[in-house]
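Working notes for the structure below.
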Amino acid sequence: MNFSDADRAAMAQALRLAERGLFTTTPNPRVGCVLTRDGVTVGEGWHQRAGEPHAEIHALRAAGGKAHGATAYVTLEPCSHQGRTPPCADALIAAGVRRVVAAMQDPNPQVSGRGLAKLRAAGVAVETGLLEDAAEELNIGFIARMRRARPWLRLKIAASLDGRTALKNGDSQWITDAAARQDGRHWRARACGLLAGMGTVRKDDPRLDARGVETDRQPVKIILDPRLELSPDARLFASGAPVLVVSAVDDHSRAAPLLEKGAEWLCLPDAQGQVDLAALMREIAARGMNEVHSEAGARLNGAFIAAGLADELLLYLAPCILGDAARPLMALPELTTLDQRIEFVFHNIQPIGHDLRLLARFKERKTDTKTIPSARN
């Protein structure tokens with residue numbers, strides 16, 4: 001497609017609008033829409049929460065009668081089905097929009113292309129692929145859940161330059177400075193679920209929240225607690241955000257105090273008596289979680305990587321060295337040849353305060369192509 005500079009500017013604005021829903025749209029994707037006519041923006045909007053109007057509806061309401069004959073720039077294919085809200089494709093047709101430019105198709109193969117086909121059948125000119133990479137990046141978790149029935153799993157780690165996360169005695173507060181810690185809370189806030197293991201909870205008694213971030217939604221706290229050792233007095237219960245405790249033992253007497261605190265409990269054992277990580281990822285995807293942000297220790301980090309379930313590392317490197325005796329980034333089996341190494345691609349590198357933030361994605365990952373029949377609500 002040959003898109004004009006005006007097309008690109010309008011889609012870039014639609015993407016900026018979509019980002020306003022970064023913390024709030026789950027389980028739906030983040031979507032923005034801009035309506036232009038005769039080179040002038042006549043309406044714009046973004047999806048804010050599941051169950052509320054989609055981006056296209058907000059833009060059409062803002063445009064009113066000026067939507068007739070307009071071009072709609074949408075960061076995701078307009079929906080064509082009746083969910084908790086009516087189909088956006090129908091609304092665009094009814095408003096008399098003459099052209100629709102979508103950055104990308106809906107990633108769910110059960111619905112992908114149907115909205116575009118409906119628009120074309122009504123005589124609307126349809127084009128796709130404008131700033132598609134940026135649109136996919138914005139909804140990387142939604143795409144992952146739709147295409148493989150698994151969320152996008154991000155492992156967040158704070159470490160020294162020599163790859164150590166804590167002293168031998170467990171002391172880790174603080175390796176990185178306050179700016180890096182606050183930046184990490186923004187990544188927490190955009191996630192649907194915030195995952196931690198009992199080793200982290202026992203050592204740090206963390207709150208596991210996105211405090212200091214302007215959002216009225218907190219991610220679900222997912223605690224991997226194989227033996228149901230979590231204390232009902234743990235600080236993570238203080239915020240009132242949902243807590244999901246996942247165990248490997250089916251012991252209702254141990255779970256009862258956690259249930260009284262409002263937690264939900266799942267028992268997902270594997271053959272080794274630990275939590276079945278693959279089953280957990282499938283389960284939380286089925287619950288509509290797109291992105292999961294993990295703040296775990298070396299053993300759990302290594303287990304996710306060994307199982308092929310992790311998608312990227314969010315690594316904060318501090319300008320210090322802790323030495324060989326300190327605790328490592330992750331626990332993995334010894335490699336005997338370099339061909340066995342786990343390779344990454346650096347996606348983003350940025351200074352944060354005195355520290356360095358690296359976003360590194362696995363070069364090759366095991367994938368599950370099973371899809372979930374779920375679309376925007």
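From a predicted model like this one, the values you see are computed outputs, not experimental measurements.
With contacts defined as side-chain heavy-atom distances shorter than 4.5 Å, the pair R211/R185 qualifies. Side-chain contact between V220 and I284: absent, with no pair of heavy atoms (C-beta onward) separated by less than 4.5 Å. In this structure the side chain of E127 reaches within 4.5 angstrom of the side chain of F3, judged on heavy atoms. You'll find the side chain of P107 reaches within 4.5 Å of the side chain of L76, heavy atoms only. Side-chain atoms of Q13 and T36, non-hydrogen and from C-beta on, never get closer than 4.5 Å to each other. Taking 4.5 Å as the limit, some side-chain heavy atom of C33 sits within range of a side-chain heavy atom of V74. Put simply, the side chain of T75 does not reach to within 4.5 Å of the side chain of L17, judged on heavy atoms.
Between L138 and A18, the shortest heavy-atom contact is CD2-CB, 3.3 Å. Contact record, D276 with A279: OD1-N, 3.0 Å, taken as the closest heavy-atom pair.
Note that CG of L244 and CG of L266 are 5.0 Å apart. Values are rounded to the nearest 0.5 Å. Separation of atoms CG (L313) and CD1 (I305) is listed at 5.5 Å; rounding is to 0.5 Å. Going from atom CG of L224 over to atom OG of S294 covers 8.5 Å, rounded to the nearest 0.5 Å.
Residue K66 qualifies as open at atom NZ: its count of foreign heavy atoms under 6.0 Å is 12 or below. Around CG of D324, the count of heavy atoms belonging to other residues, nucleotides or ligands within 6.0 Å does not exceed 12.
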- Trace of the side chain to side chain contact (heavy atoms under 4.5 Å, CB included) decision for R217 with R49: CA-CA 10 Å; R217 181 197 67 87; R49 289 176 181 80; over 6 Å; no
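With D311 as the fixed residue, the salt bridge (Lys or Arg N to Asp or Glu O under 4.0 Å) test singles out one of R361, R148, R154: R148.
Residue pairs satisfying the ring-ring contact (aromatic ring centres under 6.0 Å, His included) criterion with at least one member in residues 246-297, sequence neighbours excluded, are listed as follows: H252-W265. Pairs engaging residues 298-345 under the ring-ring contact (aromatic ring centres under 6.0 Å, His included) rule: F344-F362 [sequence neighbours left out].
Listed for the D7 side chain is a donor-acceptor partner under 3.5 Å among the backbone atoms of S4. The backbone N or O of L92 sits nowhere less than 3.5 Å from a side-chain atom of E56 that would complete a donor-acceptor pair. A donor-acceptor pair is defined here as one N or O able to donate and one able to accept, closer than 3.5 Å; no such pair exists between the side chain of K261 and the backbone of F237.
E291 and W187 share no side-chain donor-acceptor pair at under 3.5 Å.
Residues satisfying the salt bridge (Lys or Arg N to Asp or Glu O under 4.0 Å) criterion with R254, sequence neighbours excluded, are D251.
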